[in-house]
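Below, all heavy atoms of this structure are taken into account, side chains as well, without hydrogens, waters or symmetry copies. So that the names make sense, note that chain A is the first sequence line, chain B the second, and so on, each numbered from 1.
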2 protein chains.
Amino acid sequence: MSIDYILEPSPDYACKFINTKKSSQVIILYGNLSAKYEGRARAELELAPRIVITKPDGTLMIHESSKREPVIWNPPGSTFYALSEYGILIIKSVRPSPKEYVTIEVPVIHFIGAFNVGVSKSYKVHGSEEDLRNYLMNNLHIVEDGLKLISKEYHTQVGSIDLLCEDKNGNYVAIEIKRAQAGPEAVHQLKRYVEYLSNKFQNKKIRGILVAPDISASAFKYLRSYGLEFRRLRSTI
Amino acid sequence: MSIDYILEPSPDYACKFINTKKSSQVIILYGNLSAKYEGRARAELELAPRIVITKPDGTLMIHESSKREPVIWNPPGSTFYALSEYGILIIKSVRPSPKEYVTIEVPVIHFIGAFNVGVSKSYKVHGSEEDLRNYLMNNLHIVEDGLKLISKEYHTQVGSIDLLCEDKNGNYVAIEIKRAQAGPEAVHQLKRYVEYLSNKFQNKKIRGILVAPDISASAFKYLRSYGLEFRRLRSTI
DNA sequence: AACTGTATGTCGATC
DNA sequence: GATCGACGTACAGTT
């Protein structure tokens with residue numbers, strides 16, 4: 001598990017280094033570089049010391065000294081290669097769709113390293129909305145007494161309804177779950193579902209319940225004006 | 001502009017290395033590590049070779065061999081420090097609000113490097129929605145003949161309206177701009193604005209125009225059902 | 001600090 | 001491939 005690296009390599013060497021290792025290792029380059037991005041938008045970086053990271057899946061990122069986000073990047077599925085032109089290392093990346101181009105010129109290369117890194121296959125985040133939905137599905141009484149599950153993730157043309165239930169009076173109930181504070185979009189989403197269901201099941205009364213740990217003031221106003229309901233639920237999962 | 005790095009350092013050395021450089025340099029570590037995240041959600045990583053990147057602004061990221069996103073991270077504004085316990089390097093990161101904790105244990109350290117990286121002060125992305133808005137503001141005839149600007153980014157309790165105009169018939173026109181294909185949310189957003197304005201200016205007729213390069217089928221359906229308008233506009237900026 | 005909206009969002013799932 | 005919604009979204013701007 002030794003790493004491959006080189007300090008102040010020649011452009012030609014760096015070029016070969018990158019092209020031979022890019023498909024199997026994470027490559028990290030440190031150098032003075034300028035860069036350009038063109039695609040859905042455009043951006044340009046003046047010559048300055050930065051860090052370039054590439055991954056075998058085609059990801060390419062340029063990082064600076066602040067922010068979690070790269071300043072310039074192309075996502076997985078892109079392809080890239082290095083070339084040496086006029087004694088300068090150039091890295092070109094293309095994202096197939098939408099067409100996006102990143103070009104990096106590296107007149108001064110301080111360091112290149114190639115690292116063997118894996119990917120956690122079993123990686124799972126807990127406490128997501130999905131977890132909350134699964135929990136509620138089996139504990140519908142928490143939302144309201146007498147609810148019976150009809151379907152979870154009921155897919156419609158207007159999106160998928162987290163939980164579709166029937167209440168003790170025979171009404172259908174669309175439940176929209178948010179793991180964090182609900183905003184106006186959540187309310188509108190729920191309203192769309194209720195409208196859709198009202199249209200589809202004209203003989204049924206349709207209720208809509210928004211389940212979330214909290215709701216913003218304006219969102220609550222909408223909710224009320226639409227005749228929807230809110231059920232506060234701290235996610236203790 | 002030489003870089004500081006070390007191969008297979010001792011935990012103690014790595015610890016000092018990190019703590020002395022963390023506030024001024026980007027640090028990259030490669031090693032076998034396990035990690036844990038707890039905060040808004042929870043996640044855990046089994047021992048495996050990965051890359052850790054820290055930045056002077058407090059950003060901490062763990063990257064694997066695929067995806068643009070780190071598997072585990074804490075964003076800018078967090079603080080972190082290294083310690084050596086039972087001969088194992090440990091990195092602890094705390095995000096102040098919301099409280100989130102990342103703990104990394106690195107039994108095997110292959111490489112640590114510290115890099116001087118700047119931040120592009122003048123960096124600017126072109127072709128963003130803001131650009132499009134500024135352009136349209138000065139070229140309202142592209143949207144419709146005879147439009148007069150009343151306000152840009154008209155802030156209301158329900159959000160800010162991209163452009164508020166008056167048409168040649170004296171009606172108010174809310175314009176919502178999207179730089180990419182508009183979905184249902186965009187339509188609902190616009191509808192909210194129109195409703196708000198209708199309420200505020202009861203003596204005025206309020207129109208709503210969605211300006212975007214494209215619109216999804218279902219979004220268009222909503223738009224029509226709400227009596228709103230769509231203006232296709234390729235952003236050629 | 002809370003809230004709202006944008007993003008080259010990214011990512012995964014469904015159709 | 002298009003569309004949709006979740007995300008530990010991150011991030012910037014306004015209240």
Side-chain angles (χ1 to χ4, degrees), chain A residues 37-43 59 61 66-78 95-102 125-133 153-162 176-186 189 192-193 214-219 235, chain B residues 37-43 59 61 66-78 95-102 125-133 153-162 176-186 189 192-193 214-219 235:
Chain A
Y37 151 70
E38 280 202 73
R40 286 167 294 178
R42 279 174 298 114
T59 302
M61 301 181 280
S66 71
K67 302 300 167 198
R68 204 203 76 153
E69 295 302 300
V71 264
I72 282 185
W73 74 90
N74 252 345
S78 310
R95 178 189 195 174
S97 172
K99 278 283 182 223
E100 304 205 273
Y101 305 91
V102 172
V125 176
H126 299 278
S128 63
E129 183 191 300
E130 186 189 350
D131 291 321
L132 187 53
R133 183 171 61 236
E153 292 198 80
Y154 182 82
H155 292 286
T156 74
Q157 294 155 339
V158 302
S160 58
I161 302 170
D162 284 337
E176 171 66 25
I177 303 165
K178 287 281 172 250
R179 57 174 300 289
Q181 177 178 280
E185 336 75 54
Q189 221 175 305
R192 262 189 288 163
Y193 300 152
D214 200 359
I215 185 169
S216 76
S218 72
S235 113
Chain B
Y37 151 71
E38 281 202 73
R40 287 168 293 179
R42 280 174 295 114
T59 303
M61 302 181 280
S66 70
K67 303 300 164 199
R68 205 204 73 150
E69 296 302 301
V71 264
I72 282 186
W73 73 92
N74 253 346
S78 311
R95 178 189 195 172
S97 172
K99 279 280 181 226
E100 303 204 273
Y101 305 91
V102 172
V125 176
H126 299 276
S128 64
E129 185 190 301
E130 186 188 351
D131 291 321
L132 187 52
R133 183 170 61 236
E153 294 197 78
Y154 183 81
H155 292 285
T156 75
Q157 294 155 339
V158 302
S160 58
I161 301 170
D162 284 337
E176 171 66 26
I177 303 165
K178 287 282 173 246
R179 59 174 302 289
Q181 176 179 279
E185 336 75 55
Q189 219 176 308
R192 261 191 290 163
Y193 300 151
D214 200 358
I215 185 169
S216 77
S218 72
S235 112

(message) Any base atoms under 4.0 Å from B:Glu176, or only sugar-phosphate, or nothing? Heavy atoms, all strands.
(response) sugar-phosphate
(request) Calculate the interatomic distance between B:Arg40 atom CZ and D:dA6 atom P; express it in whole Å. (result) 16 Å
(request) Show the numbers, then the answer: is there a side chain to side chain contact (heavy atoms under 4.5 Å, CB included) between B:Tyr193 and B:Val158? (result) CA-CA 7 Å; B:Tyr193 300 151; B:Val158 302; 3.8 Å; yes
Dump the pairs, protein N or O against N or O of nucleotides 13-15 of chain D, anything under 3.5 Å, distances to one decimal.
none

(message) Mind checking if B:Glu100 touches a base, just sugar-phosphate, or nothing, with heavy atoms under 4.0 Å?
(response) base
(message) Output the rounded distance in Å from CD1 (B:Ile72) to P (D:dG8).
(response) 11 Å
(request) Select from A:Val71 and B:Ser66 the residue whose nearest nucleotide in DNA chain C is closer to the 5' end of that strand. (result) A:Val71
(request) Please identify each residue that fulfils salt bridge (charged side-chain N to carboxylate O under 4.0 Å, His left out) with B:Glu100, with sequence neighbours left out. (result) B:Arg40, B:Arg95
(request) Tell me which of B:Trp73 and B:Gly183 sits closer to the 5' end of DNA chain D, going by the nucleotide each one is nearest to. (result) B:Gly183
(message) Side-chain N or O of A:Gln189 versus OP1/OP2 of D:dA6: is the shortest distance under 4.0 Å?
(response) yes
(message) Whether A:Ser160 contacts D:dC4 is assessed here as follows: a side-chain N or O lying under 4.0 Å from the phosphate OP1 or OP2. Is that the case?
(response) no
(message) Mind checking if B:Asn74 touches a base, just sugar-phosphate, or nothing, with heavy atoms under 4.0 Å?
(response) base
(request) Kindly indicate whether the side chain of A:Ser66, heavy atoms from C-beta on, has any atom under 4.5 Å from the side chain of B:Pro76. (result) no
(request) Check every nucleotide of DNA chain C for an atom under 4.0 Å from a heavy-atom of chain A, then give the first and the last such nucleotide from 5' to 3'. (result) C:dC3 to C:dC15
(request) Measure the spacing between CD of B:Glu153 and OG of B:Ser160 and express it to the nearest 0.5 Å. (result) 5.5 Å
(request) Using the P atoms only, state how far C:dG5 lies from D:dG8, rounded to an integer number of Å. (result) 22 Å
(request) Specify the separation, in whole Å, of atom OH of B:Tyr37 and atom C1' of D:dC7. (result) 11 Å
(request) Determine the minimum heavy-atom distance between B:Gly77 and B:Pro96, stating which atoms define it. (result) O-CD, 3.4 Å
(request) Output the distance between atom NE2 (A:His155) and atom CD1 (A:Ile161), rounded to the nearest 0.5 Å. (result) 10.5 Å
(message) Taking any heavy-atom pair under 4.0 Å as a contact, classify A:Pro76: base, sugar-phosphate, or nothing.
(response) sugar-phosphate
(request) Could you tell me whether the phosphate oxygens of D:dA10, OP1 or OP2, come under 4.0 Å of any side-chain nitrogen or oxygen in A:Lys67? (result) no
(message) What contact category does B:Glu129 fall into here, base, sugar-phosphate, or nothing, at under 4.0 angstrom with non-hydrogen atoms?
(response) sugar-phosphate
(message) Distance check, rounded to the nearest 0.5 Å: B:Thr59 atom OG1 versus A:Arg68 atom CZ?
(response) 9.0 Å
(request) Describe the nucleic acid contact of B:Tyr193 in one word from base, sugar-phosphate, nothing, applying a heavy-atom distance below 4.0 Å. (result) sugar-phosphate
(request) Would you mind classifying the nucleic acid contact of B:Ser97 as base, sugar-phosphate or nothing, using non-hydrogen atoms under 4.0 angstrom? (result) nothing
(request) Report the C-alpha distance between A:Glu38 and A:Lys99 in whole Å, list the side-chain angles of each, state the deciding distance to 0.1 Å, and finish with yes or no for salt bridge (Lys or Arg N to Asp or Glu O under 4.0 Å). (result) CA-CA 9 Å; A:Glu38 280 202 73; A:Lys99 278 283 182 223; over 6 Å; no
(request) Quick one: pull up CD in B:Glu176 and CD in B:Gln189 and give me the separation to the nearest 0.5 Å. (result) 4.0 Å
(request) Supply the atom-to-atom distance A:Tyr154 OH to A:Asp162 CG, rounded to the nearest 0.5 angstrom. (result) 14.5 Å
(request) Check the distance between D:dA10's P and B:Glu69's CD and give it to me in whole angstrom. (result) 9 Å
(request) Please work out if B:Gly159 contacts a base, only the sugar-phosphate, or nothing of the nucleic acid, heavy-atom cut-off 4.0 Å. (result) sugar-phosphate
(message) Work out how far the C1' atom of D:dT14 is from that of C:dT8, and round it to whole angstrom.
(response) 25 Å
(message) It should be established whether B:Arg95 places a side-chain nitrogen or oxygen under 4.0 Å from OP1 or OP2 of nucleotide D:dT9.
(response) no
(request) Please state how far atom NZ in B:Lys178 lies from atom P in D:dC4, giving the value in whole angstrom units. (result) 14 Å
(request) Rounded to the nearest 0.5 Å, what's the gap from CG on B:Asp131 to CD1 on B:Ile177? Could you check? (result) 11.0 Å
(message) Nearest whole Å is fine: how far is D:dC7 P from A:Arg179 CZ?
(response) 6 Å
(message) Below the 4.0 Å mark, does D:dT9 have OP1 or OP2 next to a side-chain nitrogen or oxygen of A:Arg68?
(response) no
